[in-house]
Amino acid sequence: MNRWNSYLENTLIYDPNQCVNCGRCIEVCPHRVFISGSGSVVLDKKEACMECGACERNCPVSAIQVDSGVGCAYAMIRGAFTGKEECGCGDGGSSGCCT
Amino acid sequence: MEERTCSCNSHNNAGNKTCYCSTEKIVPFRNEIPAATSTLTVADHWDHLNARLGFRRMKHTVQPGLYRIGNPTPESMVFVSANYTLSFDALRSSLTGYDAYILVIDTKGINVWCAAGKGTFGTGEIVSRIQKTDLSTIVSHRNIIIPQLGAPGVSAHEVAQRSGFTVRYGPVRATDIPRFLKTRTITPAMREVTFSLRDRLVLIPVELVHILKFAIPAILLSGILVSWDLSYRILLAIIAGTILFPMLMPYLPTKDFSTKGFFLGWIIFLPCAVGTLLSQNGDMIIRAGMALAELLVFPAVVAYLALNFTGSTPFASRSGVKKEIHRYIRPMAGLFLGGVLLSAGMGILSLVIIS
């Protein structure tokens, strides 16, 4: 499975020792990556993370770190040529990237 | 919060402002807040169609500010939205029959999730829009509801700190708002982003319009200069990559977009290659070479278009897409160029055989 799956690893790092169990990360995650636990939130499905960065930004104690960004090949490939990595949306008639 | 309300009148002759404060709770002039309807008009639907086709791309905007739905009171809920018509209209049409406020923030005409990713749907803009619209004098409570997909740009605790308003994240889909208003709870399913067939289908037109700008000249030129068989195959590759791929994506094998694209490409072009092989045009060796070239060039094109669909999905991570590009771009380019060179070689060879 590993062979044709580039999405098994990502940049999400969670430190349960810092967690204050406020549950904001569970609330904002669109992929149910976190679930509630007794003392602290549990990182349940790390591989489902799409690196949107919502959990990191809404964690009041910085227990979560993720190198957030948009997974858009069109923008990355174009960025490799033009030197700027920017999602197509909002740049005028470019691709339907993240419409 | 502040009970005293102060206001300043226009300048007097000396150029000074006259200000007074009242300790009474003033009734806000709610009629001055522009009303938004919760029913969408034909003009709204026309605007949505244009947006979905990628026409006048940056023109689907709403004036930022505070709007009312129905006849809200100071106790009514406040929903935050982006100043993109598809976002704003999805919200207001889901509030049919309710009295509420909508705080439209300036995201430069970009939808909630995209703008959140860029940070324009963000803490700073929400805080400043709360201040600009004097929201704290209009509502008596201190709660705002922000769409969950705005969370990548918003820091809830920072909004509370800077504006005094507590953030509650609403459901992912505006269509779940009536259920949220009835039950006041959000289920895990309402928190999870999905990518249904319908979600994927609505993305096809904008991708197609974008690619046709380049594809139509390519199809016509190849038809005139080389052969209409080639034009037909280019068209088929584009249909496979931009229409069939989004439709069939979940059912294609493997996890990577590129390998799914290759698989689809080979399935589609195998009959074409067989057709070339069995045709009566030229030598067997030429036909075999051309058939092989087809199987090299076109699946690579389909795979490339499939890879470009990553940005339209709500789950492809940047780490994963980076890895895909690293893994597959060179094989794609190699197969494509190999196929082009092979077909060119076959063309030359067929001329040699004839002469």
Side-chain angles (χ1 to χ4, degrees), chain A residues 1-12 22 24-33 35-36 47-61 66-80 85-99, chain B residues 51-52 54 57-58 108-111 113-118 120 123 148-149 151-157 169 172 186 188 191-193 203 205-207 209-211 213 253-259 307-327 329:
Chain A
M1 273 321 284
N2 211 340
R3 206 173 156 75
W4 310 114
N5 187 353
S6 302
Y7 299 88
L8 290 171
E9 285 163 31
N10 54 57
T11 57
L12 178 67
C22 70
R24 273 292 192 192
C25 51
I26 301 171
E27 189 183 355
V28 297
C29 180
H31 289 293
R32 295 198 213 183
V33 168
I35 54 170
S36 60
E47 72 286 354
C49 174
M50 64 171 291
E51 300 175 328
C52 74
C55 53
E56 181 190 39
R57 200 174 278 265
N58 284 279
C59 178
V61 292
V66 57
D67 183 11
S68 62
V70 181
C72 178
Y74 177 86
M76 287 186 203
I77 294 165
R78 196 181 49 165
E85 195 178 289
E86 181 77 35
C87 188
C89 53
D91 300 346
S94 50
S95 93
C97 235
C98 59
T99 29
Chain B
R52 290 298 188 192
R57 218 177 144 78
M58 301 313 295
K108 316 285 175 212
I110 307 290
N111 69 71
W113 209 3
C114 259
K118 290 184 158 207
T120 41
T123 308
Q148 188 193 325
L149 295 185
V154 180
S155 170
H157 50 276
Y169 287 106
V172 164
I186 297 177
R191 288 252 169 262
E192 191 166 28
V193 79
L203 296 174
V206 72
E207 298 277 343
V209 166
H210 173 63
I211 198 164
K213 285 179 209 157
T254 74
K255 187 88 178 168
D256 283 342
F257 290 72
S258 312
T259 45
L307 176 60
N308 275 338
F309 193 62
T310 48
S312 301
T313 70
F315 53 77
S317 67
R318 188 165 68 172
S319 298
V321 174
K322 253 184 201 164
K323 198 182 260 179
E324 271 214 52
I325 292 172
H326 188 74
R327 272 182 170 175
I329 278 288

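Heavy atoms only: backbone and side chains are in, while hydrogens, waters and symmetry mates are out.
Under a 3.5 Å cut-off, the side chain of B/Thr310 and the backbone N or O of A/Ala73 do form a donor-acceptor pair. Here the side chain of B/Glu192 pairs no donor or acceptor atom with the backbone of A/Pro30 at under 3.5 angstrom.
Heavy-atom distances place no part of A/Cys55 under 4.5 Å from chain B, backbone and side chain included. Residue contact with chain A, scored on non-hydrogen atoms closer than 4.5 Å, involves the backbone of B/Val154 exclusively. Heavy atoms closer than 4.5 Å to chain B are found in both the backbone and the side chain of A/Glu9. Heavy-atom distances place no part of A/Cys22 under 4.5 Å from chain B, backbone and side chain included.
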- Derivation and outcome, salt bridge (Lys or Arg N to Asp or Glu O under 4.0 Å), residues A/Glu51 and B/Arg318: CA-CA 7 Å; A/Glu51 300 175 328; B/Arg318 188 165 68 172; 5.4 Å; no

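If you tally non-hydrogen atom pairs under 4.5 Å between each of A/Asn10, A/Ile77, A/Ile26, A/Thr11 and chain B, the highest count goes to A/Ile77. Among B/Ile211, B/Val193, B/Val321, B/Asp256, the residue with the largest count of heavy-atom pairs under 4.5 Å with chain A is B/Asp256.
Going from atom CD1 of B/Ile186 over to atom CD of A/Glu27 covers 7.0 Å, rounded to the nearest 0.5 Å. One finds the CG atom of A/Asn58 at 8.0 Å from the OG1 atom of B/Thr123 (value rounded to the nearest 0.5 Å). The OG atom of B/Ser317 sits 10.0 Å away from the CG atom of A/Leu8 when rounded to the nearest 0.5 Å.
Inter-residue side-chain proximity for A/Tyr74 and B/His210 is flagged as met; some heavy-atom pair is nearer than 4.5 Å.
The 12-atom threshold is exceeded at NZ of B/Lys323, counting heavy atoms of other residues, nucleotides or ligands nearer than 6.0 Å.
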